[in-house]
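This report concerns only the one structure given below.
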Amino acid sequence: MRQPIADITPETKAAEITGWVHEIRDLGGLAFYVIRDRTGIIQATIVKKKAPEAVLEAAKAVSRESVVRIAGPVKAVDKAPGGRELIPETFELIARAETPLPLDVAEKVPAELDTRLDSRYLDTRRPRIAAIFQIRSTVMHAVADLLYREGFISIQTPKVVAAATEGGTELFPIAYFEKEAFLNQSPQLYKQMMMAAGFEKVFEIGPIFRAEEHNTVRHLNEATSIDVEVSFADHEDVMALLERLMKNAYEAVFERCAPQLETLGVALDIPETPFPRITYAEAIDIAAPRIEEDLRFGDDLGTAAEKAIGEEMGSHYFVVDWPTAIKPYYAMPYENNPELCRAFDMMHPRMELSSGAQRVHLHDLLVEQIRAKGLSPESFEFYLQPFRYGMPPHAGWGLGAERVVMTMLDLANIREAVLFPRDRHRLTP
RNA sequence: GCCCAGGUAGUGUAGAGGCCUAUCAUGUCGGCCUGUCACGCCGACGACUCGGAUUCGAAUUCCGACCUGGGCGCCA
């Protein structure tokens, strides 16, 4: 019976393992085969004078990264990795790896990200890369878990849509029989319609598509969005939810992924809640004297400004009370000061992670704001109609899953946080 | 969309007009090696993205194409 390699201890009597040949060190009369599965590595030691002929034959035929099955007694040996080694009685070559390998899994020679992504299936055999995705899985589990615990309903909305959500960002056009269609840039409008549908608390974790020709370490053309929408809630309520969710995700990783964090050399700091809140006006005041470019009230916070404020804040924080003019039409203006709205961004010092708002739930105001952005309400009719038949007040946000993982693990490039990234140039694998 | 940088063995690199039949490492193949853990030693194999131009001579300079990385804008 196959055993996970990590389960084999110096006390284990005998074991059968199946895994990949990580390294081969043939000293002549003695050979070491380092075998790896997803749980760890173990050394199989072959003493050529004593080993069965069939073992010698199979061992000679294997190449690095071949899949093998090895069974035999386990010996406690101090000088072996993990304090134990396996003495093969049987050694079976299950699937031979061709040579040369497209990249070095044992990491003696580095590989560029581009090379790694071309052979992602080999790249992910490297323990530190596998650790990233085990942690990502834990984050996604923790996120969904918290939302279910808090009574959210998971929804799935269309990714093929007829129109833009917000204007602004570019959409990927696709052929949809005789009609024009696009890939969805955000589930925003559908989440809101589910408020009219009476679901009260919904979330969706799914892909979003942005056809921007950006070429940076923090943008993807296909990203994973963690989206929530809550009825009878204001922006403060959903900011508090976002804080709970972030803290929960960090705690889950801290508790359940200690080996992976160690592999990555990451000392995880669980962010303290509540996150500090600064207003947009304060953000401008912090950034303006620290950056070269001219920055005034009403401008978007550019990369330089974000960086300057991030250095000042030091950890996660919210920027609140944005000018209505630079936020989407669905953000609710303050009644007593409609120049500002109940929108927020949740920031990590390195970059924006989330943006959200209390939404406009009043039909006429929404139409007015759509017009004010130069968009035509007619093309949003499917979205606007629910606002005429009892739309509750509501609020929500979207959180970039890759950015959470990237900032959590201090990855240099967002592509590291995606198995098969889609960027300006990459469409395969 | 604008701007910058870059394409050399499977992988990561050296190279700045003749010293290049191209460096080093890793890898692969063969040989030696009984405690390696980046095993060691000996030998072999394997590369200048493509096209054009300049030049006696181009990996190196110039032009174009293709491919790639990054910055900005915008955003998650």
Side-chain angles (χ1 to χ4, degrees), chain A residues 22-34 41-51 63-65 75 77-82 85 97-119 122-123 165-170 185-188 205-227 242 292-293 299-307 326-328 345-348 350-356 397-407 412-415 417-418 423-426:
Chain A
H22 191 67
E23 281 179 290
I24 300 170
R25 279 189 283 276
D26 187 343
L27 272 54
L30 182 67
F32 301 103
Y33 286 74
V34 179
I41 61 164
I42 190 169
Q43 170 173 291
T45 303
I46 298 176
V47 179
K48 292 189 185 168
K49 275 187 196 161
K50 297 181 185 167
S63 54
R64 288 157 76 235
E65 295 307 316
K75 275 172 51 183
V77 181
D78 283 345
K79 48 197 165 184
E85 65 185 12
E98 289 181 20
T99 59
L101 296 163
L103 60 85
D104 175 21
V105 176
E107 298 191 80
K108 283 180 193 165
V109 181
E112 291 196 352
L113 183 58
D114 199 48
T115 304
R116 292 170 40 206
L117 292 174
D118 281 340
S119 300
L122 276 179
D123 186 44
T165 309
E166 318 174 7
T169 136
E170 295 290 319
Q185 64 174 119
S186 152
Q188 180 64 26
I205 298 172
I208 57 171
F209 304 91
R210 309 273 165 101
E212 297 287 342
E213 296 191 21
H214 33 44
N215 205 263
T216 78
V217 295
R218 62 186 185 286
H219 289 95
L220 294 163
N221 292 294
E222 177 178 356
T224 306
S225 182
I226 300 163
D227 259 277
L242 182 51
E292 302 239 336
E293 67 213 62
D299 292 339
D300 253 311
L301 262 30
T303 308
E306 271 185 14
K307 194 176 268 180
I326 57 172
K327 280 290 176 184
D345 282 0
M346 195 271 284
M347 311 291 298
H348 177 275
R350 283 177 76 187
M351 71 189 77
E352 181 180 342
L353 299 185
S354 171
S355 71
W397 41 254
L399 172 67
E402 287 81 11
R403 288 188 174 187
V404 171
V405 173
M406 177 189 186
T407 53
N413 193 316
I414 197 165
R415 295 169 181 86
V418 195
D423 62 30
R424 178 69 186 85
H425 299 291
R426 182 171 289 278

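Below, chains carry the letters A, B, ... as their sequence lines are ordered, and counting in each starts from 1. The model shown is predicted, which means the values in this text are computed figures rather than measured ones.
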- Between Arg424(A) and His214(A), the two heavy atoms sitting closest are CB-O, 4.0 Å

- Item | Base partner of G64(B), which must satisfy Watson-Crick or wobble distances under 3.5 Å | C50(B)

- Can you name the nearest heavy-atom pair linking Pro207(A) to Glu222(A), along with the distance? CB-OE2, 3.8 Å

- Task: Round to the nearest Å and state the distance from Ile46(A) atom CD1 to U36(B) atom P.
- Result: 17 Å

- Message: So Ser225(A), base contact, sugar-phosphate only, or nothing? Heavy-atom distance under 4.0 Å.
- Response: nothing

- With heavy atoms under 4.0 Å as the rule, sort Glu306(A) into base, sugar-phosphate or nothing. base

- Message: Heavy atoms only, 4.0 Å cut-off, all strands: where does Lys49(A) land among base, sugar-phosphate and nothing?
- Response: base

- Query: Rounded to whole angstrom units, what separation is found between the NZ atom of Lys75(A) and the C1' atom of U36(B)?
  - Reply: 14 Å

- Task: Give a yes or no on whether a salt bridge exists between Asp114(A) and Arg415(A), defined as a side-chain N under 4.0 angstrom from a carboxylate O.
- Result: no

- Task: Figure out the CG/C1' separation between Asp123(A) and U11(B), and round it to whole Å.
- Result: 12 Å

- Query: For C72(B), does either OP1 or OP2 sit under 4.0 Å from a side-chain N or O belonging to Thr303(A)?
  - Reply: yes

- Message: Suppose you measure atom C1' in A9(B) against the same atom in U21(B); what distance do you get, rounded to whole Å?
- Response: 15 Å

- If you take all heavy atoms of Ser63(A) and Thr99(A), which pair is closest and at what distance? CB-CG2, 3.9 Å

- Atom-to-atom span, CD of Gln188(A) to C1' of A76(B) - whole angstrom: 13 Å

- Task: Would you kindly check whether a donor in the side chain of His219(A) faces an acceptor in the base of C74(B), or vice versa, at under 3.5 angstrom?
- Result: yes

- Query: Which nucleotides of nucleotides 41-46 of chain B have their base under 4.0 Å from a protein heavy atom (B), which only their sugar-phosphate (S), and which neither (-), written as one string 5' to 3'?
  - Reply: ------

- Message: Does Leu220(A) reach a base, just sugar-phosphate, or nothing at all? Heavy atoms under 4.0 Å.
- Response: base

- Message: Looking at A25(B), I'd like to know if its phosphate oxygens (OP1 or OP2) sit under 4.0 Å from a side-chain N or O belonging to Lys108(A).
- Response: no

- Task: Using the P atom as the reference point in each nucleotide, state the distance between U23(B) and A44(B) in Å, no decimals.
- Result: 12 Å

- Message: Under 4.0 Å, heavy atoms only, any strand: does Ala223(A) hit a base, just the sugar-phosphate, or nothing?
- Response: base

- Message: Donor-acceptor pair, distance only, cut-off 3.5 Å: does the side chain of Glu212(A) make one with the backbone of Asn221(A)?
- Response: no

- Message: Using a 4.0 Å heavy-atom cut-off, does Ala80(A) contact any base of the nucleic acid, only the sugar-phosphate backbone, or nothing at all?
- Response: base

- Note on the structure: Under a 3.5 Å limit on both distances, the Watson-Crick or wobble mate of A44(B) is U28(B)

- Query: Say you pick atom P in A22(B) and the same atom in C48(B); how far apart are they, in whole Å?
  - Reply: 11 Å

- Say whether, by atom type as modelled, one donor and one acceptor occur between the side chain of Arg218(A) and the main chain of Arg403(A) under 3.5 angstrom. no

- Message: Under the side chain to side chain contact (heavy atoms under 4.5 Å, CB included) test against Glu402(A), which residue among Leu353(A), Leu220(A), Thr407(A) passes?
- Response: Leu220(A)

- So, is Arg218(A) close to the C72(B) phosphate, meaning a side-chain N or O under 4.0 Å from OP1 or OP2? yes

- Item | Verdict with reasoning, Gln188(A) to Ile208(A), per side-chain contact (heavy atoms from CB on, under 4.5 Å) | CA-CA 11 Å; Gln188(A) 180 64 26; Ile208(A) 57 171; over 6 Å; no

- Using a 4.0 Å heavy-atom cut-off across all strands, classify Thr224(A) as base, sugar-phosphate, or nothing. nothing

Distances for protein N or O near nucleotides 68-70 of chain B N or O, under 3.5 Å:
{"unit_1": "U68(B)", "atom_1": "OP2", "unit_2": "His425(A)", "atom_2": "ND1", "d": "3.2"}
{"unit_1": "G69(B)", "atom_1": "OP1", "unit_2": "Asp114(A)", "atom_2": "OD1", "d": "3.4"}
{"unit_1": "G70(B)", "atom_1": "OP1", "unit_2": "Asn413(A)", "atom_2": "ND2", "d": "2.5"}
{"unit_1": "G70(B)", "atom_1": "OP2", "unit_2": "Arg415(A)", "atom_2": "NH1", "d": "3.3"}
{"unit_1": "G70(B)", "atom_1": "OP2", "unit_2": "Arg415(A)", "atom_2": "NH2", "d": "3.4"}
{"unit_1": "G70(B)", "atom_1": "N7", "unit_2": "Asn215(A)", "atom_2": "OD1", "d": "2.5"}

- Item | Distance in angstrom units between Leu27(A) CG and C33(B) P, rounded | 11 Å

- Task: Specify the separation, in whole Å, of atom CE of Met347(A) and atom P of C75(B).
- Result: 12 Å

- Message: Categorize Pro110(A) for me: base, sugar-phosphate, or nothing, with a 4.0 angstrom heavy-atom threshold over every strand shown.
- Response: sugar-phosphate

- Report which part of the nucleic acid Glu98(A) touches: base, sugar-phosphate, or nothing (heavy-atom distance under 4.0 Å, all strands). nothing

- Message: Can you tell me which residue among Thr216(A), Asp423(A), Leu113(A) is in a side chain to side chain contact (heavy atoms under 4.5 Å, CB included) with Asn413(A)?
- Response: Leu113(A)

- Scan every strand shown for a Watson-Crick or G-U wobble partner of A38(B), both distances under 3.5 Å, and answer none if you come up empty. none

- Item | Rounded distance in Å between the P positions of U26(B) and U13(B) | 16 Å

If you restrict it to nitrogen or oxygen atoms, what contacts under 3.5 Å exist between nucleotides 29-32 of chain B and the protein, and what is each distance?
none

- Between Glu98(A), His22(A), Glu23(A), which is the residue that forms a side chain to side chain contact (heavy atoms under 4.5 Å, CB included) with Glu65(A)? His22(A)

- Query: Taking a pair as Watson-Crick or G-U wobble with both distances under 3.5 Å, which nucleotide is matched to U23(B)?
  - Reply: none

- Task: May I ask you to verify whether the side chain of Arg210(A) and the base of A76(B) hold a donor-acceptor pair under 3.5 Å?
- Result: yes

- Item | Distance, rounded to the nearest Å, where Asp299(A) contributes CG and C72(B) contributes C1' | 15 Å

- Write down the atom of Ala111(A), the atom of Arg116(A), and the distance for their closest heavy-atom approach. O-CD, 3.5 Å

- Please give the nucleotide sitting opposite G17(B) as a Watson-Crick or G-U wobble pair, both distances under 3.5 Å, or none. none

- How many angstroms lie between CD1 in Ile24(A) and CD1 in Ile46(A), if you round to the nearest 0.5 Å? 9.5 Å

- Tell me: CD of Glu107(A) to C1' of C37(B), nearest whole Å? 15 Å

- Toward the 5' end of RNA chain B, by each residue's nearest nucleotide, Leu301(A) or Leu103(A): Leu103(A)

- side-chain N/O Thr115(A) vs G12(B) OP1/OP2, d < 4.0 Å: yes

